[in-house]
Number of protein chains: 2
Amino acid sequence: MSLDNNISKEIFNELSFSNEEIEIINAVFFRETFKKGTQLLKAGDNVDRQYYIIDGCLRSYHIDTQGREYTVQFGIKDWWMSDYTAFFSNSKAIMNIEVLQDATVYRILDEEKEYLYNQIPKIESFFRKKLERAFAAFQRRILSELSLTAKQRYLNFINSFPNIEKSVKNYHIASYLGITTESLSRIRKELSHK
Amino acid sequence: MSLDNNISKEIFNELSFSNEEIEIINAVFFRETFKKGTQLLKAGDNVDRQYYIIDGCLRSYHIDTQGREYTVQFGIKDWWMSDYTAFFSNSKAIMNIEVLQDATVYRILDEEKEYLYNQIPKIESFFRKKLERAFAAFQRRILSELSLTAKQRYLNFINSFPNIEKSVKNYHIASYLGITTESLSRIRKELSHK
DNA sequence: AAAATTTATTAACATACATCAATTTATTTA
DNA sequence: TAAATAAATTGATGTATGTTAATAAATTTT
């Protein structure tokens, strides 16, 4: 087969496609690489695309009126990244997305995603299931924000993202946990004593 | 037409179906009514069903090891209710679901939902879009837990659920906001002075 | 390698919210 | 309607985490 089916393999490893389907997939996904520090989305932008991460590390975060940052998500291999609050409602971004470690991603545009779902329904199923898992993860996160102390949330975090500490700064982690970098520092000190 | 298409109308109002499709829908959704106080799900149960709310009010909540309750979701008209953390992974419930106001729901079983999606792909699209909206709402909630004070979250809450205060107790709201009932009481007092 | 910059730590003090205990108000039951 | 129960409020005090400011450590740039 002469067609390039790398994309379909990288994103949909367990699914198999016809040549026509692979052509469609190749046409809607665009491979991009970004350097550490690149800003992929800024609050206020129109959100018309999503990124599927092949390699590297991204984060999405919100900046409040006082300039404080809140990390909503770290994006690593096989995760999707976008400002979902805006993406699903076609409004302006309230999130920022930045590259924490040099990244390779596949980008898909909003309008092409709906086209893709119509052309290849099993891809809609595939993403629906991914979304269900992400939804459940968010529900667990809400619960942990409601019920756990900062220390417990930090321990959960390093459990859930065992290798991420090399890619992200402590203040990124603090902003994900909803605490200050000083508080995280105290927690880390306390844990190192044990 | 002799077929009962109430269910399809109540749940999928904007979609239209063939007679065969309506038969399938009628076969997988089961209408139930529950009295206030009924426990629809207990932590530890197998989660094999979801509820679509036609009328009334439900809530899902988690109880931690110290017996404290955390409300993850209030369910009102046109919302789905389940323990999604368990539902999407076929594990035991960590949530409880209770009826706060006499409720009418449509129940669908896990296995029948996949069957339904296969038989009627546009229903999969329909639910996928609902899930996307719910996902975005959860993302906003995570953000508000990270960045807002209890008072601000309370104001957001009464804004988002303008009529819910009649259906739920203050301690339900407190457990949704992640604060104690005493703190909520103080916040309410402060707001009433203005 | 030195200098410059960014990130992490530490300390003193402030504050939002929790905890515990008592009391008042509202709702349900008899 | 009275009694019983559940829910909400209030006050005194405690604690986790925030704030501000200084310093130390790590990383990047020259």
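Just the heavy atoms: all of them, side chains too, but no hydrogens, waters or symmetry mates, feed the values below. Lettering follows sequence order; numbering is per chain, from 1.
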* Asked: Under 4.0 Å: is that the gap between some side-chain N or O of A:Ser185 and OP1 or OP2 of C:dT9?
  -> yes

* Before accepting this row, confirm whether a basic side-chain N of the pair A:Glu114/B:Arg128 lies closer than 4.0 Å to the acidic partner's carboxylate O. => yes

* How about B:Phe29 and B:Tyr52: are their ring centres within less than 6.0 Å of each other? -> no

* **Same cluster (ILVMFWY, side-chain, under 4.5 Å), B:Leu155 and B:Ile164** => yes

* Atom CD1 of B:Ile187 and atom C1' of D:dT10: how far apart are they, to the nearest Å? -> 15 Å

* Exercise: do B:Tyr51 and B:Arg107 side chains pair donor with acceptor under 3.5 Å -> no

* Asked: Between A:Tyr154 (OH) and D:dA16 (P), how many Å, whole number?
  -> 19 Å

* Does the side chain of A:Arg188 get closer than 4.0 angstrom to OP1 or OP2 of C:dT9 through an N or O atom? -> yes

* What is the distance, rounded to the nearest whole Å, between atom OH of B:Tyr171 and atom P of D:dT5? -> 16 Å

* Asked: Roughly how many Å is it from CD in A:Gln152 to P in D:dT17, rounded to a whole number?
  -> 9 Å

* Structure fact -> Side-chain atoms of A:Thr180 come closest, of D:dT9, C:dC17, D:dT19, to D:dT19

* Asked: Taking OP1 and OP2 of D:dT15, is either one under 4.0 Å from a side-chain nitrogen or oxygen of A:Arg186?
  -> no

* **B:Val168 vs A:Gln66, nearer the 5' end of DNA chain D by closest nucleotide** => B:Val168

* To do: Can you tell me the distance, in whole Å, between the CD atom of A:Glu182 and the C1' atom of C:dT7?
  => 11 Å

* **Below 4.0 Å: OP1/OP2 of D:dA8 and any side-chain N or O of B:Asn170** => yes

* Taking atom P of C:dT27 as reference, at what distance in whole Å does atom CD of B:Gln101 sit? -> 12 Å

* **Value in whole Å for how far the P atom of D:dT9 lies from NZ of B:Lys169** => 12 Å

* When clusters are formed by joining ILVMFWY residues with side-chain heavy atoms under 4.5 Å apart, either directly or through shared neighbours, do A:Leu131 and B:Leu116 land in the same one? -> yes

* Could you tell me the separation between the CG atom of A:Leu184 and the P atom of D:dA16, rounded to a whole number of Å? => 17 Å

